[in-house]
Amino acid sequence: MTKKIDYKRRQFLQHSAIGAAASAFPELLLAQSARIQSKPSPNFHPDVEIEFITRKAFVPISPQGPKTGVFKYYAKLLKGPKNTLVELKNNYLGPILNFTKGQKVRIYFHNELPEPSIIHWHGLHVPQKSDGHPMYAIQNGERYVYEFEVKNRAGTSFYHSHTHEMTATQVYKGLAGLIQITDDEEQRLELPTGEYDIPMVLQDRTLDANNQLTYLRGMHSRMLGFLGKQILVNGKPDMRFQVKSRAYRFRVLNGSNSRIYKLGWQDGTPLTAIATDAGILPKPETKPYIMLAPGERVELWLDFSGRKVGSELVMYSLPHSGTMPLMYERMQGRGGGMGRRGGMGMMGGGMQGGMMGGMGMMSGGLAQGSKFPIATFHISEKVSDSPKLPSKLVNFQHLSEKNVDNVRDPIPIAIAMRRMSLSLNGRTFSMDRAMDIEQVKLGSIKKIKIYHDQGGGMGRGGMGMMGGGMGGGMMMSMAHPIHLHGQQYQVISRKMTGSRTEAYETVKDGFINSGWKDTVLVMPGEEVEIIKPFQDYKGLFLYHCHNLEHEDLGMMRQFYVG
């Protein structure tokens, strides 16, 4: 049964929340209504102007049968370099946006959907009013104006819907697209360009017999996240890349709602990364496989030199454990690795009859952690020249505890998932609230500890979590990709403190921790420490799980930077 949504009431509550936030944080100069942002600022002089429209559309996803109904971003370049927009024909994905560091960008966003929507520029360091906070969601027929300077280094980001309680469904229906940023330092590297610089957007979808998208039903499935039956690359199934015998730059985005990929070649050849979330690495990193959670990006240096014309190489998502609750993994034939202390005996009868018992009624998609092909690379032509992989990439400012002002008192992000409720730091999302621990001073650099709260406390602040104990905590634990809006951060440590160590062994060698990040996968029983600057902009900046179903269920909070 479809739930009827009262959009007028939603808009009233949204604008009430904006007013309450303005009262709580008056120095933010928050808009009293999203409509205030419907006109361009006379003092902002853009280098690039783009008109964005989102509306319903029908596009061919499957090569046979009817077109698929989707939500789609359309864009028109009003001012700026011709290569600013790269359209993807016959595709639900929005156009690729090409920006240069230092450009001033104005975007006019028009909503022609029958429901509210707003765009978040994931990975970009922009002011609050241009970040896509759900308080600014506009209704059908309304316009919102974004204005920002591109402050990011060269790298790959993306944009997607960020409408409160509707992010998962709107992204699933198509509202996403890639952003590519360049700068002088990157251009001096002479990395592969043009036809040798290729996007690779990974998503999973389920189509019915009429090629229409089907989505989750029921709370149990939403708690786990959507897992589709089919893997799409750049909006298409069964992707085959025709490549020459030389090096390429592949910009890989995990644009799935909840699926976690373990990228690896069929023949065991290692993968070399040259960039992580929106930033080039100081030097290349070679891994046996690479873990990629929803919202994360990685740029791969794929060199097909020496391979025979006509030969093929298949990239897989390799098998792994520990990313889902124990009962799910045991149902899929994977032990989950609790060691001798745990095991099935910890599952109370009530748990089996509750959420875990609902696992057999999931969407029927490819299981999380299973092995499946992603794309085939066909060597179509032999060439004699190929760029060499630089041993050094870009200058890099490594942050350490010497840079922070809270070494012994890190800001906690405590992940909890129990009793059909999801929370961060003991709270679900509130549009107009920021706890004391979530208020940081503009210009500060903070140490943050992200971890799974299995019991009763959340560290600093001492606020109790919802009950549930071991059965509701550890047994329910799954991996969460934690995304922080605003400036990007660096991972300074990962520590496994829980008992699922055997499962952790299947993923631990695939994390790249040396670059700038905005999304990090936190495994069950793992503690991840990061250092994050809060510079340039005051305002409310979200942090949340990028399992989009979890975000919509309230696993989202916000920092107040003032």
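Annotation: side chain of M523 is in contact with side chain of T323 (closest heavy-atom distance under 4.5 Å). Side-chain contact check for Y261 versus P294: every heavy-atom pair is 4.5 Å or farther apart. For the pair E502/R500, no side-chain contact is recorded, criterion being any heavy-atom separation below 4.5 Å from C-beta on.
Between G539 and Q128, the shortest heavy-atom distance links the atoms CA-OE1, 3.2 Å.
Under the side-chain hydrogen bond (donor to acceptor under 3.5 Å, both in side chains) criterion, Y543 pairs with N425, E438, not counting sequence neighbours. Under the side chain to side chain contact (heavy atoms under 4.5 Å, CB included) criterion, E505 pairs with K508, not counting sequence neighbours. When the salt bridge (charged side-chain N to carboxylate O under 4.0 Å, His left out) test is applied to E296, the partners found at least two apart in sequence or on another chain are K517. Evaluation of the side-chain hydrogen bond (donor to acceptor under 3.5 Å, both in side chains) rule for K532 yields no partner, not counting sequence neighbours. With sequence neighbours excluded, the residues satisfying side-chain hydrogen bond (donor to acceptor under 3.5 Å, both in side chains) with N257 are E549. For Q488, the side-chain hydrogen bond (donor to acceptor under 3.5 Å, both in side chains) partners at least two apart in sequence or on another chain are D518.
Side-chain contact of T54 with E112: a donor-acceptor pair under 3.5 Å is absent, judged by distance alone. Between Q558 and H133, the side chains place a donor N or O and an acceptor N or O closer than 3.5 Å (distance only, hydrogens not considered). Between the side chains of H162 and H544, at least one donor-acceptor pair of N or O atoms lies under 3.5 Å.
In this structure, the side chain of Q170 engages the main chain of P116 through a donor-acceptor pair within 3.5 Å. Listed for the N254 side chain is a donor-acceptor partner under 3.5 Å among the backbone atoms of S256.
Here K495 does not pair with E526 in a salt bridge; the nearest charged N to carboxylate O distance is not below 4.0 Å. With respect to the salt-bridge test (charged N to carboxylate O, under 4.0 angstrom), the residues E527 and R494 do not qualify.
Between Y215 and F226, the ring-plane angle classifies as parallel under the 30° and 60° cut-offs. H483 and H122 have parallel rings, their planes meeting at less than 30° on a 0 to 90° scale where 60° marks the start of perpendicular.
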